[in-house]
Amino acid sequence: MTTRPAKEAIFEQFAADGISVMFGNPGTVEQGFLDVLEETPGFRYVLALQESAVLGIADGYARATGGPALVQLHSGVGLGNGVGLLYQAMRGHSPLVVIAGEAGVRYEALDGQMAVDLVAMARPVTKYATRVTHPGSVLRVLRRAVKIAMTPPRGPVFVALPMDVLDEDTDEPAVASTIPSRATVPVPEELERAAAVLRAARRPVVLAGDGVSVSGAQEELARVAEALGAPVWTVNSSELTIDTTHPLHQGDLGHMFGEHSAAALAGADAALVVGTYLFPEVFPLLTSPFPEATKIVHIDLDDYEIAKNLPADVALVADPKPTLAALAALLGPARPVPARKPDEVYGESMMDLFAGELAARAGDGLVVFDEALTSAPALLRRLPPRRPGAYFQTRGGSLGVGIPGAIGIKLARPEAEVVAFTGDGGSMYTIQALWTAVRYGVAARFVICDNRRYQLLDDNLEQYWRERGIAAHPHPQGFDLSHPQIDFVKLAASLGVPGVKVSKPAQVEAAVQRMLAAPGPFLVDLITT
């Protein structure tokens, strides 16, 4: 292999792995390889103005393509800015390959400006973190990073690339990374054990999470649920696990309070858990929410998550798609499915009106990124998720993923109509991502659900009061966003994105028409109060 600087060889490695775009925000200690990037044919750099926006865009891109997505951060300061969104990617198992430069190994003992242990910073929010210290191992380490990021359970990885190491020559060959297959099915005896537990149940329930969508097992999950006649609850899932109009679909157990899960599971005598752990709530119950005699069958490729908090009677480390298909064959034909209950009658809120108009006009190609939070129930009433790859939701508790996430999805799928819904508070974490949409001609749409508050905090605080017998009183001033009022249309315009404010029902139809007709990115400030 020809000897060349490692800063050049890394782009050969990226090309070997089919990576042709880097999402980043530049810095001095990365300038050497970013200079090479400019001369690399077929390679693209997507610039965002802050690291949270960088990671949000890359996360959306990885989710839409299946990854990996390559991210460049600037040393410790850039990594620090991105930690919140890296945590979000870790909890959501996004296959990000994150690299950051540093001044160099030769300067390590001097403790200079920006000197920090990058690996120690990254380790709590990544699946794997390491640092290259010799030019002869740069490509080997990058291949290892890609392999780890892409091997289920997938997740973000981090590699520190010292500047002086990249300046040195290497003769390493650039070859494609090996991604091990984990398309595994349990042996027949274990499948029969699982089937026996479920067959014996009179009131089974299915609990499904993002492992179903990663595996592409939505159809198989529905077949198993139909064979059992079991209600399906999604467990803090952020992508489609089952058509939400299916008669057996019950909704999401939520992500805040364990009491909600306990109420939903009160009658279950068996549970099939697929692609999630029990239970990913902020305030889970410290005791099991299941009745005492409930049997649990747990299927996941992530062995760490199986029986992490609650014991399982049958625990299968396996790929959900082929495993559910095999289980459905053992369970037999579908039981009669009860008719879906008529939808409740709701008032015509601004979100009901807007999402209903969008549903009528956008067609089947619509892709929604849902960070609507307290406005989400109305959004999902009018735009129920039905197709894999057409619905993405915030996950991991990080605010600010809606705008950049939609940009990443639109970059990956330019033919799709991509609309992000986010809150007024959440949008301000990454509003500068709009600039990136304009710079690269990304015609995503952005809807700000504007109630001038951190409304979710209001709602959660009220539950806190009820649980503790505290009399209702004014909410904290720190939850209020009304003063000074944010003019989202002018703010978007300053970043190059046209927009419109919608505060009256009569304005909805024209706003949706204008948004969908816009040749580039467009923002709607939807007043929801």
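This one's a predicted model, so the numbers in the text were calculated from it and none came from an experiment. When reading the values below, keep in mind they use all heavy atoms of this one structure, side chains included, and skip hydrogens, waters and symmetry mates.
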Student: Just to verify, what does Arg395 make a side-chain hydrogen bond (donor to acceptor under 3.5 Å, both in side chains) with, not counting sequence neighbours?
Tutor: Ser94, Ser238
Student: Does some side-chain heavy atom of Val21 sit less than 4.5 Å from a side-chain heavy atom of Val46?
Tutor: yes
Student: Examine distances only and state if a side-chain atom of Thr436 and a backbone atom of Leu47 form a donor-acceptor pair shorter than 3.5 Å.
Tutor: yes
Student: Quick one: which of Ile407, Val418, Val438 gives a side chain to side chain contact (heavy atoms under 4.5 Å, CB included) with Pro521?
Tutor: Val438
Student: Are Arg382 and Glu357 ion-paired here, with the side-chain N under 4.0 Å from a carboxylate O?
Tutor: no
Student: Considering non-hydrogen atoms only, spot the tightest contact between Pro476 and Leu461 and give its length.
Tutor: CD-CD2, 3.4 Å
Student: Report yes or no: does Lys410 contribute a side-chain atom to a donor-acceptor pair with the main-chain N or O of Ala444 at less than 3.5 Å?
Tutor: no
Student: Using modelled atom types and a 3.5 Å cut-off, is there a donor and acceptor pairing between side-chain atoms of His475 and backbone atoms of His473?
Tutor: no
Student: Does the side chain of Val98 reach to within under 4.5 Å of the side chain of Thr126, using non-hydrogen atoms?
Tutor: no
Student: Hey, would you say the Phe23 and Tyr61 ring centroids sit under 6.0 Å apart?
Tutor: yes
Student: Report the distance from atom CG of Leu491 to atom CG of Asp487, rounding to the nearest 0.5 Å.
Tutor: 8.0 Å
Student: If every non-hydrogen atom of Val116 is compared with every non-hydrogen atom of Gly76, which pair is closest and at what distance?
Tutor: CG1-CA, 3.6 Å
Student: What I'd like to find out is whether the side chain of Phe392 reaches to under 4.5 Å of the side chain of Val368, using heavy atoms alone.
Tutor: no
Student: About how many Å separate NE2 of His249 and OG1 of Thr244, when rounded to the nearest 0.5 Å?
Tutor: 6.0 Å
Student: Could you tell me whether the side chain of Ser215 and the main chain of Gly211 form a donor-acceptor pair under 3.5 Å?
Tutor: no
Student: Check whether more than 12 heavy atoms from other residues, nucleotides or ligands sit under 6.0 Å from atom CD of Glu219, and answer yes or no.
Tutor: no
Student: How far apart are the closest heavy atoms of Phe369 and Thr394, and which atoms are they?
Tutor: CE2-N, 4.0 Å
Student: Tell me whether Gln477 at atom CD has more than 12 heavy atoms from other residues, nucleotides or ligands lying less than 6.0 Å away.
Tutor: no
Student: Do Ile431 and Ile403 have side chains that approach each other closer than 4.5 Å (heavy atoms only, starting at C-beta)?
Tutor: yes
Student: Output the distance between atom CZ (Arg445) and atom CG (Leu366), rounded to the nearest 0.5 Å.
Tutor: 10.5 Å
Student: Counting C-beta onward and ignoring hydrogens, is there a side-chain heavy-atom pair between Phe279 and Leu265 closer than 4.5 Å?
Tutor: yes
Student: Measuring only between side-chain heavy atoms, which start at C-beta, is Trp435 closer than 4.5 Å to Val497?
Tutor: no
Student: Roughly how far apart are Leu399 CG and Ser52 OG, rounded to 0.5 Å?
Tutor: 11.0 Å
Student: Using only atom types and a distance under 3.5 Å, with no angle test, would you say the side chain of Asn25 pairs donor to acceptor with the backbone of Gly78?
Tutor: no
Student: Please walk me through it: do Leu55 and Leu96 pass side chain to side chain contact (heavy atoms under 4.5 Å, CB included)?
Tutor: CA-CA 9 Å; Leu55 282 158; Leu96 306 183; 3.9 Å; yes
Student: Are side-chain N/O atoms of Asp459 and Gln463 paired as donor and acceptor at under 3.5 Å?
Tutor: no
Student: Does Thr234 reach the side chain of Leu253, with side-chain heavy atoms less than 4.5 Å apart?
Tutor: no
Student: So how far is it from Ile299 CD1 to Ile306 CD1, rounded to the nearest 0.5 Å?
Tutor: 8.5 Å
Student: Can you tell me how far CG of Asp424 sits from OG1 of Thr528, rounded to the nearest 0.5 angstrom?
Tutor: 7.0 Å
Student: List the steps, then state whether side chain to side chain contact (heavy atoms under 4.5 Å, CB included) holds for Leu526 with Ile448.
Tutor: CA-CA 6 Å; Leu526 182 67; Ile448 309 294; over 6 Å; no
Student: Compute the ring centroids of Tyr454 and Phe479, then answer whether they are less than 6.0 Å apart.
Tutor: no
Student: Specify the closest pair of heavy atoms between Leu301 and Pro152, including all atoms of both residues, with the distance to one decimal.
Tutor: CD1-CB, 3.7 Å
Student: Quick check: does any side chain N or O of Arg123 sit under 3.5 Å from a backbone N or O of Phe158, one acting as donor and the other as acceptor?
Tutor: no
Student: Do Arg361 and Glu509 sit within salt-bridge range, that is, some charged N less than 4.0 Å from a carboxylate O?
Tutor: yes
Student: Does a donor on one side chain and an acceptor on the other come within less than 3.5 Å for His260 and Glu281?
Tutor: no
Student: Where is the tightest heavy-atom contact between Leu73 and Glu30, given as atom of each residue plus distance?
Tutor: O-OE2, 3.2 Å
Student: Any side-chain donor paired with an acceptor under 3.5 Å for Tyr277 and Asn309?
Tutor: no
Student: Would you find a donor on one side and an acceptor on the other, under 3.5 Å apart, between the side chain of Arg413 and the backbone of Gly408?
Tutor: no
Student: A side-chain contact here means heavy atoms from C-beta on lying under 4.5 Å apart; do Tyr440 and Ile57 qualify?
Tutor: no
Student: Is a salt bridge present between Asp458 and Arg453, judged by a nitrogen-to-oxygen distance below 4.0 Å?
Tutor: yes
Student: Are the side chain of Gln88 and the backbone of Gly400 linked by a donor-acceptor contact shorter than 3.5 Å?
Tutor: no
Student: Take the angle between the ring planes of Phe354 and Phe421 and call it parallel below 30°, perpendicular above 60°, tilted in between.
Tutor: perpendicular
Student: Could you walk me through whether Val502 and Ile527 satisfy the side chain to side chain contact (heavy atoms under 4.5 Å, CB included) test, starting with their C-alpha distance in whole Å, then the side-chain angles of each, then the deciding distance to 0.1 Å, before giving a yes or no?
Tutor: CA-CA 6 Å; Val502 177; Ile527 306 302; over 6 Å; no
Student: Pairing donors with acceptors under 3.5 angstrom, does anything connect the side chains of Glu371 and Thr422?
Tutor: yes
Student: Does the side chain of Tyr45 come under 3.5 Å of the side chain of Glu38 through a donor N or O and an acceptor N or O?
Tutor: no
Student: Does the side chain to side chain contact (heavy atoms under 4.5 Å, CB included) test come out yes or no for Met256 and Phe283, once each step is laid out?
Tutor: CA-CA 6 Å; Met256 288 300 301; Phe283 302 108; 3.9 Å; yes
Student: Are there over 12 heavy-atom neighbours, none belonging to Lys490, within less than 6.0 Å of that residue's NZ?
Tutor: no
Student: Looking only at heavy atoms, what is the nearest atom pair of Asp300 and Thr276, with distance?
Tutor: OD2-N, 3.3 Å
Student: Starting from the C-alpha separation in whole Å, work towards a yes-or-no answer on side-chain hydrogen bond (donor to acceptor under 3.5 Å, both in side chains) for Glu305 and His298.
Tutor: CA-CA 9 Å; Glu305 302 292 10; His298 201 153; over 6 Å; no
Student: Could you check whether any side-chain N or O of Lys321 sits under 3.5 Å from a backbone N or O of Val212, counting only pairs where one atom can act as donor and the other as acceptor?
Tutor: no
Student: Has Gln250 got a side-chain atom pairing as donor or acceptor with Trp233's backbone, closer than 3.5 angstrom?
Tutor: no
